[in-house]
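Have a look at the structure below, then the notes.
We number each residue from 1, following the sequence as shown.
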Amino acid sequence: MDSKIFKISLIAALAGFLFGFDTVVISGAEKKLQLLWETSDAYHGTVVIGMALFGTVIGAIFGGFPTNRFGRKRTLIWIGVLYSVSAIGSALSNDPVTFGIFRFLGGIGIGASTVAAPTYISEIAPADQRGRLVGMYQFNIVFGILVAYFSNYLLNGIGDNDWRWMVGVEAFPALIYTAFAFSIPKSPRWLVTQHREEEAAGILEKLGLKLSVGDIVRDLEANVQAGAETIFMKKYRFPLLLAFLIAFFNQFSGINAFLYYAPRIFELAGLEESTALLSSIGIGVTNLVFTLLGIYLIDRLGRRTLMYYGSFGYIVSLALVAAAFFFNWTGMAVPIFLFVFIASHAIGQGAVIWVFISEVFPNHLRGSGQSFGCSVHWVLAWLIPSSVPFLMSWIGPAPVFGFFAFMMVLQLLFVHFMMPETKGISLEELSKRLLRK
């Protein structure tokens, strides 16, 4: 693997580290904040938790505009600024509304990063290494999750305002990432769509890619007809459906709901607070190890094969979690089953989703297509975790996890009957194949 492309991809992928850290860091503070501000489950889920998720929806929906208009690089820089402001503002907040507003800004950064970072990396990566390089974004997400769980465990109980340190410490990596983002080159494929072929040729030469500006221009001319194109045109229906379904099933596994409320779920299973936080670190380690395995395998076995493994693992583990709560199995049963759930997610959906969505759209619509897939992901990532505290208290955890298990049966059918394999195929060739469907 070319060291220059690896370093550039790693810097862009650090947006994923902040995504993972920002997403999960609230899990160690959310119960403290609910007690501190004496909010109801509905208000807590909507404002303290839900505002960040609402921000991710806005960031994902509108992230395609700056990614396409101003470029992948400039968008990644502004994402770092949003993360920095969010972390500092959240730590200094004294009421749930102010806290929610600053968490909302961080959410915009998360949503936009899921558009800009995978798009950028996929466009500078050689076809045979694209899965691993874009997969570094997912690796950084789970690494950020692990660091956040570990940070919460270390900072828990250091004082009455320990929650401020939990959410504020993110400012340090956010500022470092922002500084690094200035050093990466612009995407050559994006430059071609902006008719800056000479600049694109210079970057392609520096990166050593076996791709010419002519190849990109021919793909653009083959796809673009008279007038402006959108991803909602009839000829892009199949890529659009693929992006929708993989994002839809990603969230109906319950993954984000679990990541946000892991300590709470462990306490419902009978573990004490400190043990629940420690078990959360175990979840982070499991996620990291199996994500590394998924990244190692994605360009060897392919995206579709990993989705098969993940789907079967989801179904078994979620069904066992539902059974554990239904039959009141105590001890480490629930944590063990959830470890299997996380492993299944990491090697399947976790390793595949951002790679797959970044591959299925043509160059001139990749930002918009990535934005659409991410929007579906984040709308559901907002709605599902926001409703979890209410659902857990109303119908109990067993039916909730049972429903998630059923949805994974439907995902298995999607993988078997609809999902194409994309490994080792150039982005230009993929756009031709998927348009013929």
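The side-chain heavy atoms of Leu320 and Val316, taken from C-beta on, include a pair separated by under 4.5 Å. Contact annotation: the side chain of Arg189 approaches that of Leu427 to within less than 4.5 Å [non-hydrogen atoms, C-beta and beyond]. The shortest side-chain heavy-atom distance between Arg103 and Asp22 falls under the 4.5 Å cut-off. For the pair Trp190 and Tyr120, the minimum side-chain heavy-atom distance is 4.5 Å or more. Counting heavy atoms from C-beta on, the side chains of Leu240 and Phe372 come closer than 4.5 Å. Put simply, the side chain of Arg132 reaches to within 4.5 Å of the side chain of Arg300, judged on heavy atoms. Residues Tyr236 and Pro362 form a side-chain contact, since some pair of their non-hydrogen atoms from C-beta on lies under 4.5 Å apart. Looking only at side-chain heavy atoms (C-beta outward), His377 and Trp354 come within less than 4.5 Å of each other.
Put simply, the side chain of Ser371 gets close to the backbone of Ile61: a donor and an acceptor are under 3.5 Å apart. Remark: side-chain polar atoms of Ser368 are not paired, donor with acceptor, to backbone N or O of Ile231 under 3.5 angstrom. A donor-acceptor pair under 3.5 Å is absent between the side-chain atoms of Arg130 and the main chain of Lys423, judged by distance alone. With Thr67 contributing its side chain and Arg72 its backbone, the two residues share no donor-acceptor pair below 3.5 Å. Under the 3.5 Å distance criterion, the side-chain polar atoms of Thr56 are matched with a main-chain donor or acceptor of Leu53. At distances below 3.5 Å, at least one donor-acceptor pair connects side-chain atoms of Asp299 with backbone N or O atoms of Gly131. A donor-acceptor pair under 3.5 Å is formed between the side chain of Lys4 and the backbone N or O of Lys206. Of the possible donor and acceptor atoms, one in the side chain of Asn152 sits under 3.5 Å from a partner among the backbone N and O of Val25. The closest donor-acceptor contact from the side chain of Gln370 to the backbone of Thr114 lies under 3.5 Å. The backbone N or O of Phe361 lies less than 3.5 Å from a partner atom in the side chain of Arg366, making a donor-acceptor pair.
Using a 30° and 60° split on the angle between ring planes, Phe404 and Phe401 fall in the perpendicular class, above 60°.
When every heavy atom of Ile298 is checked against every heavy atom of Ala351, the shortest pair comes out as CD1-O, 3.4 Å. The shortest heavy-atom contact between Ile5 and Pro126 is CD1-CD, 4.1 Å. Scanning all heavy atoms of the two residues, the minimum distance from Glu421 to Thr305 falls at OE1-N, 4.2 Å. The minimum heavy-atom distance between Ala405 and Ala319, with the atom names listed, is CB-N, 3.9 Å. The shortest heavy-atom contact between Ala12 and Ala117 is O-CB, 3.8 Å. In plain terms, the two heavy atoms of Ile124 and Pro188 that are nearest each other are CG2-CD, 4.0 Å.
Between atom OG of residue Ser317 and atom CD1 of residue Ile342 there is a gap of 9.0 Å, rounded to the nearest 0.5 Å. If you take CG on Asn68 and CG on Leu365, they are separated by 8.0 Å, rounding to the nearest 0.5 Å. Interatomic distance, Met408 CE to Leu413 CG, rounded to the nearest 0.5 Å: 11.0 Å. To the nearest 0.5 angstrom, Phe290 atom CZ is 13.5 Å from Ile295 atom CD1. Note: Glu429 CD to Leu434 CG = 10.0 Å, rounded to the nearest 0.5 Å. Distance CZ/Phe180 to CG/Leu76: 14.5 Å, rounded to 0.5 Å.
Using modelled atom types and a 3.5 Å distance limit, the side chains of Thr422 and Arg303 yield a donor-acceptor pair. For Thr193 and Asn363, the side-chain atoms include no donor-acceptor pair closer than 3.5 Å.
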Test side-chain contact (heavy atoms from CB on, under 4.5 Å) on Ser84 and Thr178 and set out the steps.
CA-CA 9 Å; Ser84 303; Thr178 306; 4.1 Å; yes

Output, in order, the C-alpha distance, side-chain angles, deciding distance and verdict of side-chain contact (heavy atoms from CB on, under 4.5 Å) for Met419 and Phe414.
CA-CA 6 Å; Met419 184 178 177; Phe414 156 69; 4.1 Å; yes

Step by step, work out the side-chain contact (heavy atoms from CB on, under 4.5 Å) result for Tyr137 and Ser113.
CA-CA 10 Å; Tyr137 178 72; Ser113 81; 2.8 Å; yes

Quick one: do Leu318 and Phe406 satisfy side-chain contact (heavy atoms from CB on, under 4.5 Å)? Show the steps, please.
CA-CA 9 Å; Leu318 287 168; Phe406 169 72; over 6 Å; no

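Other residues, nucleotides and ligands contribute only 12 or fewer heavy atoms inside 6.0 Å of the OH atom of Tyr296. Other residues, nucleotides and ligands contribute at most 12 non-hydrogen atoms within 6.0 Å of the CZ atom of Arg74. The 12-atom threshold is exceeded at CZ of Phe70, counting heavy atoms of other residues, nucleotides or ligands nearer than 6.0 Å. Residue Glu205 places its CD atom among 12 or fewer non-hydrogen atoms of other residues, nucleotides or ligands, all under 6.0 Å distant. For Phe248, the CZ atom counts as densely surrounded, since its 6.0 Å shell holds more than 12 non-hydrogen atoms of other residues, nucleotides or ligands. The environment of CH2 in Trp329 is crowded: more than 12 heavy-atom neighbours from other residues, nucleotides or ligands sit within 6.0 Å. Heavy atoms of other residues, nucleotides or ligands lying less than 6.0 angstrom from CZ of Phe337 number more than 12.
Legend: side chain to side chain donor-acceptor pair (under 3.5 Å) pairs involving residues 333-349, not counting sequence neighbours, sorted by first then second residue: Asn250-Gln349, Tyr314-His345, Gln349-Gln411.
Partner Phe143 forms a ring-ring contact (aromatic ring centres under 6.0 Å, His included) with one of Phe150, Phe17, Tyr149 and no other, that one being Phe17.
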